[in-house]
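Count residues from 1 along the sequence.
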Amino acid sequence: MSTGPGLESLVDQTISVITNDGRNIVGILKGFDQATNIILDESHERVYSTKEGVQQLVLGLYIIRGDNICVVGELDEELDSNLDLSRLRAHPLKPVIH
């Protein structure tokens, strides 16, 4: 996995990480290394359900191993703050199969 200028430009910004096991973790990117291990601060996991709104589980300072990362994306904080997660319904993501 390449750690080109993409991750460097996201340090100290809010990002969303989708892991290989289908978890969605949102937090502030504090650092990363050559193996794409990342450190998130003020993080939480968003748990999606078709029956109830999105649950947000507080994780705090959190490290994600690079080999468990599927997708990293910048989060538009203004757009995200306007979402009513309690009304949002979605199927949980399935694990990535390699």
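For the pair Leu40/Ile28, no side-chain contact is recorded, criterion being any heavy-atom separation below 4.5 Å from C-beta on. A heavy-atom distance below 4.5 Å is not found between the side chains of Thr19 and Ile69. Asn82 places none of its side-chain heavy atoms less than 4.5 Å from the side chain of Asp80. Side chains of Phe32 and Leu10 form no contact here, defined as non-hydrogen atoms less than 4.5 Å apart.
The number of heavy atoms from other shown groups lying within 6.0 Å of CZ (Arg65) does not exceed 12.
Minimum heavy-atom separation, Cys70 to Val96: SG-CG2, 3.5 Å. When every heavy atom of Glu78 is checked against every heavy atom of Ser81, the shortest pair comes out as O-OG, 2.8 Å. Between Val11 and Lys30 the shortest heavy-atom distance is CG1-O, 4.2 Å.
Taking hydrophobic clusters as Ile, Leu, Val, Met, Phe, Trp and Tyr residues chained together by side-chain heavy-atom distances below 4.5 Å, Ile18 does not share a cluster with Val26. Hydrophobic clustering (side-chain heavy atoms under 4.5 Å, transitive across Ile, Leu, Val, Met, Phe, Trp, Tyr) groups Leu7 together with Ile25. Placement of Leu29 and Leu75 in two distinct hydrophobic clusters is found when ILVMFWY residues are connected by side-chain heavy-atom separations under 4.5 Å, directly or transitively.
Partners of Glu77 by side-chain contact (heavy atoms from CB on, under 4.5 Å), not counting sequence neighbours, listed by chain and number: Thr14.
The list of salt bridge (charged side-chain N to carboxylate O under 4.0 Å, His left out) pairs with a residue in residues 54-64, not counting sequence neighbours, is empty.
The NE2 atom of His91 sits 9.5 Å away from atom OG of Ser49, with the distance rounded to the nearest 0.5 Å. A distance of 9.5 Å separates CG in Leu83 from CG in Asp76, rounded to the nearest 0.5 Å.
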Only distances under 3.5 Å count here; give the side-chain donor-acceptor pairs of residues 51-64 to other protein atoms, sequence neighbours excluded, each with its distance to 0.1 Å.
unit_1: Glu52; atom_1: OE2; unit_2: Gln55; atom_2: NE2; d: 2.8
unit_1: Gln56; atom_1: OE1; unit_2: His44; atom_2: NE2; d: 2.6
unit_1: Gln56; atom_1: OE1; unit_2: Arg46; atom_2: NE; d: 3.4
unit_1: Tyr62; atom_1: OH; unit_2: Arg23; atom_2: NH1; d: 3.3
unit_1: Tyr62; atom_1: OH; unit_2: Arg23; atom_2: NH2; d: 3.3

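Panel note: side chain Asn24, backbone Val47; no donor-acceptor pair is recorded below 3.5 Å.
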